[in-house]
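Bear in mind that the values here come from a model prediction, so they are computed numbers and not experimental data.
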Amino acid sequence: MTEGTTSAAAEGADTLTRLEQEGEIAADYLEGLLDIADLDGDIDMDVEADRASVSIISDTGSRDLQKLVGRDGEVLEALQELTRLAVHRETGDRSRLMLDIGGYRAKKRTELSELGAKAAAEARSSGKAVKLDPMTPFERKVVHDAVKAAGLRSESEGEEPQRFVVVLPA
């Protein structure tokens with residue numbers, strides 16, 4: 001191996017170790033939260049797309065976890081921010097950690113990917129830009145990725161919380 005290859009491999013290992021540490025800190029924080037709220041759930045940690053990913057899952061399909069998701073994922077978004085702050089407090093670094101509860105984000109990701117693909121098909125066939133409804137940053141990212149996979153471009157426009165995706169024709 002060359003010196004550049006060796007340092008790139010070491011940097012990748014350092015990044016993985018840092019992301020695993022973020023996941024551990026987040027898991028500890030969330031376990032404490034579940035204990036305080038007297039809710040059952042198992043914590044699953046992973047590293048996906050250069051970010052720590054933590055999921056709270058339940059073997060019993062408990063409706064209790066739905067309380068942690070809230071209407072349209074609002075509580076989930078707030079818990080994700082609190083978890084990121086807990087990680088930041090421990091590490092001193094800003095975290096891009098993703099939190100999923102009861103498979104809510106995974107299901108939402110599938111729905112949004114389909115929406116992005118449909119919008120791309122519509123923009124391609126009509127030759128006109130397609131504007132979508134306002135979305136959260138997570139939702140916009142998933143749609144942008146789906147549009148890119150379909151071979152088109154997209155942009156975000158507007159100001160939070162009314163920021164939305166525009167799919168551009170070829």
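A salt bridge links Lys67 to Asp64: one of the charged nitrogens lies within less than 4.0 Å of a carboxylate oxygen.
Under a 3.5 Å cut-off, the side chain of Glu139 and the backbone N or O of Thr136 do form a donor-acceptor pair. Proximity of a side-chain donor or acceptor of Asp100 to a complementary backbone N or O of Tyr104 within less than 3.5 Å is detected.
Both Leu82 and Leu39 are assigned to one and the same hydrophobic cluster, defined by single-linkage of ILVMFWY side chains at heavy-atom distances under 4.5 Å. Leu19 and Val87 end up in different hydrophobic clusters when Ile, Leu, Val, Met, Phe, Trp and Tyr side chains are linked at under 4.5 Å.
With hydrogens and angles left out, the side-chain atoms of His144 and Ser154 include a donor and acceptor closer than 3.5 Å.
Rounding to the nearest 0.5 Å places CZ of Arg84 at 14.5 Å from CD1 of Ile25. A distance of 6.5 Å separates CG of Asp72 from NZ of Lys108, quoted to the nearest 0.5 Å.
Using a 4.5 Å heavy-atom threshold, the side chains of Lys107 and Thr110 count as separate. Residues Leu99 and Leu79 meet the side-chain proximity criterion, which asks for heavy atoms closer than 4.5 Å.
The only member of Met45, Gln80, Glu24, Glu22 that meets side-chain contact (heavy atoms from CB on, under 4.5 Å) when paired with Val54 is Met45.
For the pair Arg140 and Phe164, the NZ or CZ position fails the cation-pi test of under 6.0 Å to the six-membered ring centre and within 45 degrees of the ring normal.
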